[in-house]
Amino acid sequence: MASKLGLAGGIPERRVRPIWDAIDSRQFKNALKLTTTLLSKHLHSPYALALKALILERMGKPDEALSVCLNAKELLYKNESLLMDDLTLSTLQIVFQRLDHLELATSCYEHACGKFPNNLELMMGLFNCYVREYSFVKQQQVPIKMYKLVGEERFLLWAVCSIQLQVLCGNGGEKLLLLAEGLLKKHVASHGLHEPEALIVYFSILEQQAKYGDALDILGGKLGSLLMIEVDKLRIQGKLLARAGDYAAAANVYQKILELCGDDWEAFLHYLGCLFEDESSWASETINTPINPPKYVECKLTHLTDEVFDSCVENASAFVQKLQAEASNDSLRNPYLSHLEIERRKCLFRKNNDDNLVEALLQYYSRFGHLACFTSDVEAFLQVLPPEKKMEFLDKLMKNSNSLSVVPTRALGQSITLLKTQELIGNMFNLPVAELEGSAVQMAELYCKNLPLSKDLDPQESMHGEELLSIVCNVLVQLFWRTRDLGYFIEAIMVLEFGLTIRRYKSLDVKNILMETASHHILPQMLASPLWADLSNLLKDYLKFMDDHFRESADLTFLAYRHRNYFKVIEFVQFKERLQHSNQYLVARVEAPILQLKQSADNIEQEESILESLKCGADFIELSNEIGSKSLTFNEDFQSRPWWTPTTEKNYLLGPFEGISYCPKENLTKEREENVRGFIERKSLLPRMIYLSIQSASVLYKDNSEINGSLADPKISTELKALLERYAKMMGFSLNDAIDVVVGVSRGLKPYEVFGSDVIDWLNFAVFFNAWSLSSHDSGQQGGERTPGSWHVVNSLLENYILGKLRSIGPLIQSPQGDLPILVKLVTEPLAWHGLVIQACVRTFLPSGKKKKKSGSTDQSISLLSNAVRDAIQGLCSVLEEVAKWSQDQIKIPEDNKIDLLVSSLKRNGGAGKVFNILETLASSPNETQLGDRISQALRSWSPVDVGRKIVTGQCRVLSEFWRICESRIKSLKTLKQQIAQV
């Protein structure tokens with residue numbers, strides 16, 4: 001209010017403007033200096049204090065900023081007249097929000113609105129606070145008061161949207177929709193509606209209550225004229241009629257839509273849905289809807305008689321023929337896809353329409369076979385055909401390949417489509433190795449032959465035929481899977497690097513929402529690698545993007561309210577919820593602190609400091625408790641993943657060749673959700689179990705006596721036991737049975753294979769069981785193991801398994817990945833946690849200045865335990881020295897030798913290398929006249945040796961980091977060895 005009189009927060013604007021100019025130009029020191037001068041003249045100005053707080057926050061001084069903000073807040077509460085100034089409050093809100101104390105800004109606005117209940121500006125500020133807090137109930141109440149105050153339509157719509165959010169995203173019951181409907185109905189009666197968006201919201205409220213007839217009446221009345229675009233109005237009408245069960249009228253409406261927009265595939269599916277009286281195509285989206293939904297919908301046809309079905313098909317076919325005849329644009333695919341969809345439904349209904357569908361697919365190929373989208377267009381239709389009909393279709397396509405287009409680019413497109421269709425149907429998986437290799441050679445030759453077509457393309461444009469390189473890569477990877485000849489794998493990398501060299505792509509710029517949809521290509525591998533600095537940056541960047549989005553989402557939501565874009569309000573909130581439920585986000589939230597714990601595991605004081613900052617793992621226990629009831633979303637773009645690893649958890653190449661004829665991109669969402677829940681639930685227990693294990697190991701007795709200032713707390717033992725029981729249950733065992741398993745494996749009575757794929761979890765369990773046994777009264781009765789025995793169990797499990805893995809690993813350069821990730825996990829997780837328990841014990845052994853008289857039984861107990869700890873230190877040290885030596889031996893192999901080994905695998909007689917030779921020949925002598933200067937230069941720059949060096953350098957970096965971790969562990973253990981020698 002004051003700013004309208006030439007004042008800003010009660011201060012002349014000419015004095016404030018230079019400060020804002022300095023802030024905007026990021027001259028924060030100058031801005032702070034100006035603010036200090038301003039405060040000397042306006043000592044008790046909340047606005048001047050708010051400006052100072054804003055500057056301090058921008059300078060990276062959050063504690064000082066918060067203190068200044070609280071002073072300003074206190075002044076505002078003392079002087080009620082100052083509360084009229086929304087500028088002060090909004091500045092404080094900015095700072096409080098950036099300091100993650102939005103509730104303080106909200107309390108300021110609540111207090112102000114309580115003192116000045118009719119101030120519209122303050123009420124809008126309070127509404128903004130509630131929007132940021134996603135407090136939908138309070139968010140509804142404020143605009144209702146504003147509406148009653150001024151009667152503006154926008155405030156009523158704000159309230160109605162807030163009601164919808166309570167129903168869609170909160171715990172509000174559907175009775176609230178009656179309230180929203182009543183508010184709108186009353187407003188329409190007295191004022192009408194003036195915005196198309198308001199009418200859409202009204203329809204949405206009625207539709208959610210299944211009041212389709214009421215919505216149709218409104219659409220056909222005076223208010224319907226608010227919708228100016230005819231096709232938009234028809235879409236709403238068609239949907240409402242179909243939902244109301246008037247399928248005949250709805251079908252007529254969708255016919256009109258298709259006559260106006262011939263390429264509207266969704267409208268055609270709705271049209272068929274109306275003809276067949278099937279509501280499947282109107283299935284509403286949920287938070288779990290995949291980001292790449294299928295191009296077709298499931299359909300229900302069993303309720304139809306033969307006569308009715310035939311009549312519907314006849315009507316649909318006649319209409320589609322009419323659309324095809326009237327299509328003015330040859331590139332419109334929808335009228336021809338529509339014909340395929342009709343034939344698909346005939347197959348589903350009668351199961352004897354395969355020949356007609358095959359013929360329709362051939363016709364579609366003759367018209368659109370040159371397009372890159374052909375295979376994705378027809379994938380859904382091929383799925384309903386039996387294997388023999390798919391092969392019949394493929395055979396006919398191959399025969400047609402002799403009559404390719406005379407236009408070179410179209411002919412190339414048709415050839416690629418043939419190959420992609422073979423890949424889609426799975427025919428390539430059935431070919432003998434020699435034929436499969438021959439097809440890869442033919443594709444490479446086809447690519448090289450057509451490379452001149454890209455001579456005049458812009459560097460950013462896709463090269464003609466570059467999809468051939470992807471298919472070649474798929475074939476070579478399959479050859480590697482079948483033969484285990486490493487040369488094919490290296491050849492596949494060479495092919496991809498060749499293509500990237502010509503396109504001049506050096507890296508993929510992953511930012512914004514790609515952080516969520518594309519990180520799955522690298523995050524799982526990084527989590528299993530020793531490249532901790534890179535992993536830390538990746539997790540920080542990802543979590544920062546997500547957290548920033550959650551903050552900015554509120555800004556976007558309020559902006560949508562201000563601009564009367566009410567459906568965007570719902571969309572922004574639902575999108576934020578989808579991201580908050582992201583499985584990848586939850587995994588990253590758990591893995592980031594666990595990475596910190598791994599990095600500091602050699603220093604127990606640092607570890608305890610990190611655990612303290614994590615509230616000793618208490619928050620993660622809450623997450624573990626809640627994960628079972630959380631709805632998870634999977635936002636990763638799995639369509640971009642190759643066939644051999646359809647999800648992050650599945651990789652066919654790690655197992656033997658299965659002889660399968662096809663690796664489909666299966667729908668594994670349900671299975672993945674179960675796996676991810678279990679993973680997060682187990683991982684979330686680790687920080688708390690590590691904390692309790694350290695506490696447990698810090699006490700040497702089980703009789704509650706005090707040693708070196710440490711007192712055995714029975715609550716620690718009780719809680720750790722409860723968590724061990726949970727951990728065991730997650731692996732499918734009771735606590736006693738799980739102890740029997742680890743004891744049996746440690747004694748050689750059971751093989752390590754009983755651990756299955758959960759070996760890390762089992763070894764973690766053994767480590768925490770040992771820690772619990774140090775302070776537990778009843779651990780001796782669990783599995784029959786006493787304290788020294790439990791040490792032997794853990795030592796034996798870790799030593800034998802790690803050394804067994806180490807001896808089974810060949811030279812890393814000759815086996816991609818192999819067992820290295822599991823070896824890294826063994827050293828950085830269970831072995832690291834065991835090391836922390838050892839550190840805690842040794843620290844407790846050391847004299848602390850308190851001399852206590854010890855009984856003979858106490859001396860014996862300490863002696864037994866210290867011997868067990870000595871043995872553990874010695875055993876782990878020996879194991880780590882072997883691992884470090886193996887890593888060092890791998891690193892010491894000369895780089896040139898490794899590169900020669902890789903490149904020579906492509907130059908043997910027989911086996912891999914044929915595709916590589918074709919590309920190498922092209923690169924060695926490019927025809928500059930045909931290819932142009934840019935492509936020729938790119939070809940000359942491609943070097944197989946450089947590609948080999950990339951591979952070798954990457955492996956060396958991983959091994960060097962792993963060696964550094966091992967050496968750090970060894971150094972820590974040797975220090976402990978010296979310390980315990982003094983006991």
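Source: prediction; values computed, not measured. Note that these values count all heavy atoms, side chains included, but never hydrogens, waters or copies made by symmetry.
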Across all chains, not counting sequence neighbours, the ring-ring contact (aromatic ring centres under 6.0 Å, His included) partners of Phe679 are none

Q.
Can you confirm whether the side chains of His521 and Thr648 place a donor and an acceptor under 3.5 Å from each other?
A. no

- In plain terms, say whether Lys971 and Asp602 are close enough for a salt bridge, that is, a side-chain N and a carboxylate O under 4.0 Å apart. no

- Any side-chain donor-acceptor pair under 3.5 Å between Glu649 and Asn675? no

Which is it for Trp762 and Phe733 under the side chain to side chain contact (heavy atoms under 4.5 Å, CB included) test, yes or no, and what are the steps along the way? CA-CA 11 Å; Trp762 277 103; Phe733 290 80; 3.4 Å; yes

Can you find a side-chain donor-acceptor pair between Asn800 and Ser796 that sits under 3.5 Å?
yes

Practice item. Would you kindly say whether Thr517 and Glu636 are connected by a side-chain donor-acceptor distance under 3.5 Å? Key: no

Quiz prompt | Side-chain donor or acceptor of Asn897 paired with backbone N/O of Ile893 under 3.5 Å | solution = no

Salt-bridged, Glu961 to Arg964, with N to O below 4.0 Å? yes

* Asked: Between Asp819 (side chain) and Ile822 (backbone), is there a donor-acceptor pair under 3.5 Å?
  -> no

- Message: Is the positively charged end of Arg843 above the ring of Phe845, judged by distance under 6.0 angstrom from the centroid and angle within 45° of the axis?
- Response: no

Practice item. Would you indicate whether the side-chain heavy atoms of Arg949 and Val952 approach each other to under 4.5 Å? Key: no

Those residues at least two apart in sequence (or on a different chain) that pass side chain to side chain contact (heavy atoms under 4.5 Å, CB included) with Lys729 are none

message: Quick check on Glu612: does its CD atom have over 12 non-hydrogen neighbours (other residues, nucleotides or ligands) under 6.0 Å away?
response: no

Hits for side chain to side chain contact (heavy atoms under 4.5 Å, CB included) against Ala722, two or more places apart or cross-chain, chain-then-number order -> none

In this structure, CG of Leu836 is separated from CD1 of Ile694 (nearest 0.5 Å) by 5.0 Å

Could you please spell out the steps behind the side-chain hydrogen bond (donor to acceptor under 3.5 Å, both in side chains) verdict for Trp772 and Ser717?
CA-CA 6 Å; Trp772 171 60; Ser717 176; 3.1 Å; yes

Sorted by chain and residue number, the side chain to side chain contact (heavy atoms under 4.5 Å, CB included) partners of Val903 (sequence neighbours excluded) come out as Ile899, Lys907

May I ask you to decide whether Glu607 forms a salt bridge with Lys598, counting only side-chain N to carboxylate O separations under 4.0 Å?
-> no

**Asked** Can you find a pair of side-chain heavy atoms, one from Phe768 and one from Leu686, that are under 4.5 Å apart?
**Response** yes

Q: Indicate whether the side chain of Arg870 and that of Asn867 have a donor and an acceptor atom separated by less than 3.5 Å.
A: yes

Exercise. Indicate yes or no: at least one non-hydrogen side-chain atom of Leu820 is less than 4.5 angstrom from one of Phe962.
Key: yes

In Tyr488, Trp643, Phe489, the residue satisfying ring-ring contact (aromatic ring centres under 6.0 Å, His included) with Trp481 is Trp643

With sequence neighbours left out, the residues meeting ring-ring contact (aromatic ring centres under 6.0 Å, His included) with Tyr801 are Tyr752

Contacts of Cys616 meeting side chain to side chain contact (heavy atoms under 4.5 Å, CB included) (sequence neighbours excluded), chain-then-number -> Arg688, Tyr691

Separation between OH (Tyr727) and CG (Leu685), nearest 0.5 Å, reads 7.5 Å

| said: Between Ser790 and Ser773, is there a side-chain donor-acceptor contact under 3.5 Å, judged purely by atom types and distance? | reply: yes

